[in-house]
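Heads up: the structure comes next, in structure tokens.
All figures in this text were calculated on a predicted structure; none of them were measured in a lab. Proteins come first, then strands; the chains are lettered A, B, ... in the order of their sequence lines, and each starts at number 1.
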Amino acid sequence: MRNAEIAAALDELGDLYELDGAVVYRVVAYRQAAQSVRDSPRSVEQLVRDGRATELPNVGKTLQEKLSVLLETGEIPQTVKLREKFPGELVRFMTIPGLGPKTARKIHEELGLTTLAELREAAAGERLRSISGLGPKAEQNIVAALDRMNDEGPRERFLLSAVLAIGEQIAEPLRAHPAAHRVEIAGSARRMADTCKDLDVIATADDATALTAAFGELEVIAEVRSSGEAGARGVTHNGLAVDFRVVEPDQFGNVLQHLTGSARHNVDLREHAVRRGLHVSEYGVEDDESGATHRCATEHEVYELLGLDYVEPELREGRGEIRAAIEHRLPELVTIDDLRGDLHCHTTLSDGRSTLEQMVEAARERGYSYLAVTDHSSSFGFGEDVQPADLERRIEEVAALNEKLKGFRVLAGSEVNIGTDGSVDYDAGVLKRLDWVVASVHSSFRMGRDRMTKRVMTAMENPLVDVIGHPTGRKLLRRAPYDLDIEQIVAKASDTGTMIEIDGHRVDHRPVIILTGTGRLADDLARQSPRPAGMIFVEVGDLVALGAAASGALATR
DNA sequence: GCCGTTTTCGGCCCGACTGTTTTCAGTCG
């Protein structure tokens with residue numbers, strides 16, 4: 001069973017327990033355990049079989065046993081039992097905004113409803129108001145929510161790149177406004193989450209009303225849905241909801257911390273605070289002993305008051321970063337300034353939009369010291385294939401260009417296709433003449449986990465392949481990753497010295513993920529042989545993997 | 001159901017909003 005399936009089983013049982021009226025802490029425990037499983041870079045099935053699932057955060061003896069039964073029999077007995085008690089779509093009642101477990105259960109017990117269609121009918125027929133606590137308004141909301149769910153499907157999310165671009169179109173003009181002091185993006189966009197459902201912007205100002213009005217008049221804001229003295233909620237032309245708030249300067253740090261989240265991070269942070277006799281809210285940090293509330297102008301003050309190292313927003317996902325902050329072992333994030341070059345780009349030779357010279361010029365402008373040009377190969381298709389003779393010419397162009405360039409190196413490369421049998425689509429003779437070979441899967445995505453894993457591993461065994469391109473094939477919001485065993489791929493990478501690409505364009509992995517200790521890009525890839533030890537790029541979207549990588553566990557595997 | 005520089009048992013964030021109530025339970029972020 002894949003981690004995602006095990007996590008789904010835990011989530012389902014958590015939902016059922018919630019309906020059954022279990023104490024919320026038990027329900028929360030199941031959700032946290034599900035998240036831990038989902039986040040784990042290791043095979044949870046294997047951990048369970050080894051009796052070591054308790055090594056995962058929020059998984060204890062009870063869940064180790066339940067998961068063990070799940071793997072043996074395909075079911076958790078409690079789940080089967082509760083499904084009978086709460087049949088049909090009862091669990092889905094709780095997905096309707098405003099409907100929680102208590103109300104859903106009451107509706108089931110008093111009216112015997114089990115499907116969403118029955119629920120809608122009862123609400124439209126004004127039969128829900130017979131239940132105490134429900135009235136006309138609730139009936140209206142339920143009908144509206146169900147109709148919306150039918151029309152629109154699940155809530156739309158937006159790519160981080162789109163949200164950040166919109167964020168700048170909001171923050172920049174507001175920063176220039178005479179009434180503004182600080183304007184910052186908060187929320188999931190500030191955490192660099194790969195997709196966001198809305199955007200939070202907070203500000204300090206001399207005149208909150210004036211700045212709020214200016215927000216409503218921005219070109220990107222299509223409509224203001226609600227507005228007050230110190231903030232407004234608007235929607236952009238492409239449907240992104242934007243919350244804008246103006247706050248007091250001496251609370252800016254508290255509010256920025258609160259709104260940046262994540263929810264899980266804030267819960268962990270506040271639990272840590274309570275253990276120290278402190279209470280954290282968006283308004284300040286209250287001290288039990290003195291009764292005083294400390295207001296913080298900066299986030300650094302918030303974390304310092306709690307005895308924590310400053311946690312970068314990218315790490316605030318509730319994956320163990322509070323503990324790491326206590327123990328002074330938070331990772332150091334790589335920044336744009338750390339990047340020395342780019343090892344995957346396309347030009348007009350295949351499907352790129354710029355010429356070789358333009359790409360090199362752009363790379364130099366960014367302060368890079370190298371660039372590998374890796375156009376598609378001979379079987380790419382779409383009329384953009386690069387036949388061996390074309391590639392030969394490209395190699396000569398690159399050599400000529402390098403003659404002229406000082407302090408910069410262009411690497412002649414290619415992005416070759418990995419065939420279903422793991423072979424690549426240029427002869428060894430051609431590949432040998434290249435400085436840099438990226439091998440990627442571009443076809444037959446649905447061949448299944450075992451065959452796909454074998455296919456990619458076969459390509460990794462090819463000594464002429466330097467790196468596997470976009471190893472999961474995922475396109476955020478557009479295409480699910482193809483099924484392959486990333487753990488085996490990473491282990492293979494260690495054996496063969498093949499690198500694994502971190503693709504910030506299609507985003508196989510979170511873009512902000514590496515830390516010191518895993519080895520950075522070498523200063524000069526021209527001196528790439530022998531490759532520096534530890535220069536393995538691993539899929540690390542979470543602190544568990546980061547921690548392991550920092551201690552060398554992954555780098556030496 | 002998890003977990004421990006207060007605890008192996010008894011805790012487990014914080015505040016706002018909504019709709020239904022006559023003072024608050026349930027839900028949400």
Side-chain angles (χ1 to χ4, degrees), chain A residues 10-11 13-14 16-37 53-67 76 78 93-107 123 128-142 144-145 155 186-188 191 196-200 226 228 231 233 241 243 245 251 254-255 257-286 288-289 293 302 306-308 318 320 322-323 326-328:
Chain A
L10 291 173
D11 271 329
L13 186 49
L16 287 165
Y17 274 138
E18 188 176 21
L19 263 179
D20 199 33
V23 291
V24 288
Y25 300 110
R26 179 145 70 143
V27 177
V28 169
Y30 273 87
R31 305 239 159 95
Q32 287 179 202
Q35 195 57 44
S36 286
V37 169
T54 51
E55 289 176 18
L56 294 168
N58 305 311
V59 175
K61 259 183 77 184
T62 308
L63 287 184
Q64 158 72 40
E65 281 164 24
K66 284 201 162 95
L67 291 181
I76 302 176
Q78 288 86 345
F93 282 23
M94 292 189 291
T95 64
I96 296 169
L99 274 197
K102 301 228 167 68
T103 317
R105 191 161 157 213
K106 244 198 280 186
I107 292 173
L128 292 185
R129 61 185 66 179
S130 68
I131 297 169
S132 78
L134 293 181
K137 198 79 193 183
E139 289 169 342
Q140 250 175 341
N141 288 343
I142 286 168
R155 265 239 195 88
S188 53
R191 300 200 311 274
C196 309
K197 80 172 168 42
D198 54 18
L199 173 64
D200 292 294
S226 66
R233 188 169 175 85
D243 267 326
R245 281 178 63 173
Q251 287 179 312
N254 300 110
V255 180
Q257 196 286 318
H258 172 76
L259 285 181
T260 298
S262 65
R264 194 56 236 165
H265 174 79
N266 284 352
V267 169
D268 288 352
L269 182 91
R270 288 166 184 174
E271 285 181 357
H272 164 76
V274 168
R275 277 180 231 117
R276 297 175 61 109
L278 299 166
H279 302 274
V280 178
S281 78
E282 64 180 297
Y283 303 105
V285 178
E286 193 188 334
D288 272 346
E289 211 171 318
T293 299
V302 178
L306 302 177
L308 298 170
I322 298 295
R323 178 133 299 280
I326 296 170
E327 295 168 0
H328 311 297

Polar atoms only, N or O, under 3.5 Å: list the protein pairs with nucleotides 11-15 of chain B and their distances.
residue : atom : partner  : partner atom : Å
B/dC12  : O3'  : A/Glu271 : OE2          : 3.4
B/dC13  : OP2  : A/Glu271 : OE2          : 3.3
B/dC13  : O2   : A/Arg270 : NH1          : 2.4
B/dC14  : OP1  : A/His279 : ND1          : 2.5

So which pairs with a foot in residues 95-107 of chain A pass salt bridge (Lys or Arg N to Asp or Glu O under 4.0 Å), sequence neighbours left out? A/Arg105-A/Glu109
Suppose you measure atom C1' in B/dT7 against the same atom in B/dG11; what distance do you get, rounded to whole Å? 8 Å
Tell me every residue that passes ring pair (Phe, Tyr, Trp, His ring centres under 6.0 Å) with A/Tyr30, counting only those two or more places apart in sequence or in another chain. A/Tyr17
Atom CG of A/Asp268 and atom C1' of B/dC2: how far apart are they, to the nearest Å? 12 Å
Please state the C1' separation for the pair B/dC12 and B/dT18 - nearest whole angstrom. 27 Å
Contact nearer the 5' end of DNA chain B, comparing A/Gly60 with A/Lys102: A/Gly60
In whole angstrom, give the distance that lies between atom CG of A/Asp200 and atom P of B/dG29. 12 Å
So what does A/Lys106 touch, heavy atoms closer than 4.0 Å: a base, only the sugar-phosphate, or nothing? nothing
Any strand is fair game: report the nucleotide pairing with B/dT8 by Watson-Crick or G-U wobble, both distances under 3.5 Å, or none. none
Would you indicate what A/Ile326 reaches in the nucleic acid, counting non-hydrogen atoms under 4.0 angstrom: base, sugar-phosphate, or nothing? nothing
Strictly under 4.0 angstrom, non-hydrogen atoms only: write out the protein contact profile of nucleotides 17-22 of chain B, one letter per nucleotide from the 5' end, B, S or -. --SSS-
Side chain of A/Asn58 only, heavy atoms from C-beta on: which candidate in B/dC3, B/dG1, B/dT27 is closest? B/dC3
Are A/Leu56 and A/Leu63 side-chain neighbours, meaning at least one heavy-atom pair lies under 4.5 Å? no
Rounded to whole Å, how long is the line connecting atom CZ of A/Arg31 with atom C1' of B/dT27? 13 Å
Please report the distance separating the C1' of B/dC13 from the corresponding atom of B/dT27, rounded so that it comes out in whole Å. 16 Å
Please compare A/Thr95 and A/Thr54 by the position of their nearest nucleotide in DNA chain B and report the one closer to 5'. A/Thr54
Partners meeting side chain to side chain donor-acceptor pair (under 3.5 Å) with A/Arg323 (sequence neighbours left out): A/Glu327
Report the residues that fulfil salt bridge (charged side-chain N to carboxylate O under 4.0 Å, His left out) with A/Arg264, sequence neighbours left out, ordered by chain and then residue number. A/Asp268
Are any of A/Arg105's side-chain N or O atoms less than 4.0 Å away from OP1 or OP2 of B/dG26? no
